[in-house]
2 protein chains.
Amino acid sequence: MPNQTYTISELASEFGVTTRAIRFYEEKGLVQPLREGQRRVYTTADRVRIKLILRGKRIGMTLQESVEVIDLYDPLRNNTEQLLSLINTISGRQARLLQQKDDIDDMLTGLSEVLGLCEKALGKRQKKISAIPKK
Amino acid sequence: MPNQTYTISELASEFGVTTRAIRFYEEKGLVQPLREGQRRVYTTADRVRIKLILRGKRIGMTLQESVEVIDLYDPLRNNTEQLLSLINTISGRQARLLQQKDDIDDMLTGLSEVLGLCEKALGKRQKKISAIPKK
DNA sequence: CCTTCCGTTTACGTTAACGTAATTGTTTGA
DNA sequence: TCAAACAATTACGTTAACGTAAACGGAAGG
């Protein structure tokens, strides 16, 4: 049943974004939902694209970069030169992603250290650590 | 010899950013270099801050977020409530970073698959793959 | 002395990614 | 039938993170 469709607000609430944002993505050509009269109708393919776009955003990519990455998947080239160029593009992306992982690991290491200090400083008086309500 | 100092253009070229960017960081209070007359003089501490800010940027953090993370390190709190709050903040950051790592891994997996297809499609005619000059 | 090379300040411009109305349908349940 | 809920279009506003240009100052070298 991948023939399911979605309304804009369904997708918006599923992904935790506004309908404005999704329409904006359409303005930018990132998705092209069908229409049922006036209303937009999103296919599962559209849904996946939006999901990938948001994944890109989470790691700091621009919308354009996200679509570039997404577009690496589809009409698989046959021309040799294009293939070589594609390989190059992919390698570049991979390198950046690995750099990002390193950055994240460094930051995680630092945070763990601070966390350790906190708990140590706290352990002198407390045994139970109750979570603080978010916000 | 951590008493070294740097000019703005030294740091700019070392980090591959413009002097304008570094001055902008100062405007935003992210660094506070000394002055030698009119000229800005950066200490190694300033240099580290800038480095951390740029690390944050690479993984999609805003400048504000970067300083927030940096500021988690310094005047280690003693108040219990503040410590608990700090632990919470750190936990939140860690969660986000782990999410980012997952996103990156997913993307890397996808890219590797496409890369595999490329090389397979290419292997039928080519043995040597010469790198394409950048841009 | 003059030019060239940093560096500084001030200030307006720009791009991305939406937010925020305002106005106008359309459908649907009471 | 009529208001409430959801959707669409149009258009101006906003924030972050600089870019770019103008105008000026010191110093170093030929």
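Per chain, numbering begins at 1; letters A, B, ... match sequence-line order. Hydrogens, waters and symmetry mates are skipped; everything else that's a heavy atom, side chains included, is used.
- Other residues, nucleotides and ligands contribute only 12 or fewer heavy atoms inside 6.0 Å of the CD atom of B:Q32.
- Annotation: side chain of A:I87 is in contact with side chain of B:L122 (closest heavy-atom distance under 4.5 Å).
- Donor-acceptor pairing under 3.5 Å, judged by distance alone, is absent between the side chain of B:R23 and the base of C:dT9.
- Computed from coordinates, the B:R35 CZ to C:dC6 C1' distance equals 15 Å when rounded to whole Å.
- Atom OH in A:Y42 sits roughly 11 Å away from atom C1' in D:dA8 (whole-Å rounding).
- Distances shorter than 4.0 Å separate none of the side-chain N or O atoms of B:Y25 from OP1 or OP2 on D:dA17.
- Nearest nucleotide to the side chain of B:R40, out of C:dT8, D:dA8, D:dC18: C:dT8.
- Put simply, the side chain of A:L108 does not reach to within 4.5 Å of the side chain of B:R93, judged on heavy atoms.
- Nucleic acid contact for B:T19: none, since no nucleic acid atom lies under 4.0 Å from a heavy atom of the residue.
- Counting heavy atoms from C-beta on, the side chains of B:R23 and B:T19 come closer than 4.5 Å.
- Mapped onto DNA chain C by nearest heavy atom, B:V41 and A:R39 fall at different nucleotides, with B:V41 at the one closer to the 5' end.
- Two residues, B:K28 and B:T18, neighbour DNA chain D, and the one matched to the more 5' nucleotide by heavy-atom proximity is B:K28.
- The separation between B:K57 atom NZ and D:dA17 atom P is 7 Å, rounded to whole Å.
- Judged by distance alone, with hydrogens and angles left aside, A:R20 brings a side-chain donor or acceptor within reach of the base of C:dG19, the pair sitting under 3.5 Å.
- A:R49 places a side-chain N or O within 3.5 Å of a backbone atom of A:L30 that can act as its donor or acceptor partner.
- Ranked by how close their nearest DNA chain C nucleotide is to the 5' end, B:E27 and B:E10 are led by B:E10.
- Candidate nucleotides D:dA17, C:dA17, D:dA7 were compared by shortest atom distance to the side chain of B:T62, and D:dA17 ranks first.
- A close approach under 4.0 Å does not occur between any side-chain nitrogen or oxygen of A:T7 and OP1 or OP2 of D:dC6.
- At least one side-chain nitrogen or oxygen of A:S9 sits closer than 4.0 Å to the OP1 or OP2 atom of D:dA7.
- Rounded to whole Å, the distance from CD1 on B:I50 to P on D:dC18 is 12 Å.
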